[in-house]
Amino acid sequence: MSKNTYTSEIKINVELDENRIPEQLHWTAEDGGVSKAQAKAVLLSIWDSQQKETLRIDLWTKDMPVDEMKVFFHQTLVALADTYQRATQDDKMADTMRDFTEFFAEKLNLKA
């Protein structure tokens, strides 16, 4: 590493029950001012450029309410559309993705 290199670390701690089911999730991102914050779900995608495939870690605690999981997925889909647009500048497809997020929210009765 050169002198000008900086490393930032994000940690996810998973507490499992006797059946290896997540009971507690905590995450730390010191650069973001987060220390051992509790979470109920984590969806992590990592791009493996060697294999040209996405690796995933999908975790949620056994007490994550289904209604909150639906909201979590909706908000994740909205964020993915925004990230896709920033990463690709493909406004048309990002808008198509947003149309789906509206449909998703409507079908799940997430919007008042």
Side-chain angles (χ1 to χ4, degrees):
M1 269 191 221
S2 71
K3 284 168 114 179
N4 297 330
T5 301
Y6 181 78
T7 300
S8 181
E9 186 173 63
I10 299 170
K11 296 179 186 178
I12 300 170
N13 289 342
V14 182
E15 183 180 316
L16 305 172
D17 69 8
E18 63 279 355
N19 297 313
R20 302 185 58 85
I21 308 265
E23 282 193 316
Q24 298 283 325
L25 296 171
H26 292 91
W27 66 288
T28 298
E30 290 179 5
D31 286 353
V34 178
S35 179
K36 298 180 183 175
Q38 185 174 5
K40 292 287 184 183
V42 173
L43 302 177
L44 179 64
S45 297
I46 299 172
W47 179 246
D48 180 336
S49 62
Q50 297 291 320
Q51 297 296 318
K52 303 290 189 237
E53 67 182 2
T54 301
L55 307 174
R56 295 183 7 231
I57 299 172
D58 302 332
L59 299 170
W60 56 92
T61 60
K62 59 186 177 184
D63 66 341
M64 172 76 169
V66 172
D67 61 329
E68 287 183 22
M69 183 63 88
K70 291 176 182 181
V71 172
F72 177 55
F73 266 84
H74 177 255
Q75 291 178 2
T76 299
L77 291 170
V78 170
L80 284 172
D82 294 342
T83 301
Y84 177 82
Q85 185 174 27
R86 282 193 320 273
T88 66
Q89 305 303 307
D90 185 346
D91 297 339
K92 186 175 180 182
M93 185 53 70
D95 288 341
T96 300
M97 292 171 71
R98 288 185 189 101
D99 288 344
F100 173 74
T101 65
E102 289 294 320
F103 173 78
F104 185 90
E106 180 183 312
K107 290 296 180 185
L108 294 177
N109 295 315
L110 298 179
K111 298 218 173 181

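Being a predicted model, the structure only gives us computed values, none of them experimental.
In this structure, OG1 on Thr28 lies 12.0 Å from CG on Asp31, to the nearest 0.5 angstrom. Between the CG atom of Leu16 and the CG atom of Leu25 there is a distance of 9.0 Å, given to the nearest 0.5 Å. To the nearest 0.5 angstrom, Glu15 atom CD is 6.0 Å from Glu23 atom CD. The line from CG of Asn13 to NE2 of His26 is 8.5 Å long, rounded to the nearest 0.5 Å. To the nearest 0.5 Å, the span separating CD on Gln75 from CD on Glu68 amounts to 10.5 Å. Separating the NZ atom in Lys40 from the OG1 atom in Thr61 is a distance of 4.5 Å, to the nearest 0.5 Å.
Considering every non-hydrogen atom in both Ala29 and Ile10, the closest pair reads CB-CG1, 4.2 Å. Counting all heavy atoms, side chain and backbone alike, Leu110 lies closest to His74 at CD1-CB, 3.6 Å. Of all the heavy atoms in Val14 and Pro22, the pair that sits closest is CG1-CB, 4.1 Å. For the pair Asp58 and Leu44, the tightest heavy-atom approach, listed with the atom from each and the gap, is OD1-N, 4.3 Å. Across all their heavy atoms, Ala81 and Ala94 have their closest contact at O-CB, 3.8 Å.
Remark: the backbone N or O of Ser49 is paired with a side-chain donor or acceptor of Lys52 at under 3.5 angstrom. Checking side-chain atoms of Ser45 against main-chain N and O of Arg56 turns up no donor-acceptor pair under 3.5 Å. Checking side-chain atoms of Asn19 against main-chain N and O of Ile21 turns up no donor-acceptor pair under 3.5 Å.
Checked against Leu43 for a side-chain contact (heavy atoms from CB on, under 4.5 Å), the options Leu80, Ile57, Thr76, Leu59 give a single hit: Thr76. Between Gln85 and the choices Met97, Arg98, Met93, the side-chain contact (heavy atoms from CB on, under 4.5 Å) rule is met once, by Arg98.
Within the 4.5 Å cutoff, the side chain of Val42 has no heavy atoms near those of the Trp27 side chain. Put simply, the side chain of Trp60 does not reach to within 4.5 Å of the side chain of Phe72, judged on heavy atoms.
Within 6.0 Å of atom NZ in Lys62, more than 12 heavy atoms from other residues, nucleotides or ligands are found, so the atom counts as buried in its surroundings. The local environment of CD in Glu30 is sparse, with at most 12 non-hydrogen atoms from other residues, nucleotides or ligands closer than 6.0 Å.
Both Ile46 and Ile12 belong to a common hydrophobic cluster when Ile, Leu, Val, Met, Phe, Trp and Tyr are linked at side-chain heavy-atom distances under 4.5 angstrom. Under the 4.5 Å side-chain contact rule for hydrophobic residues, Phe100 and Val78 do not share a cluster.
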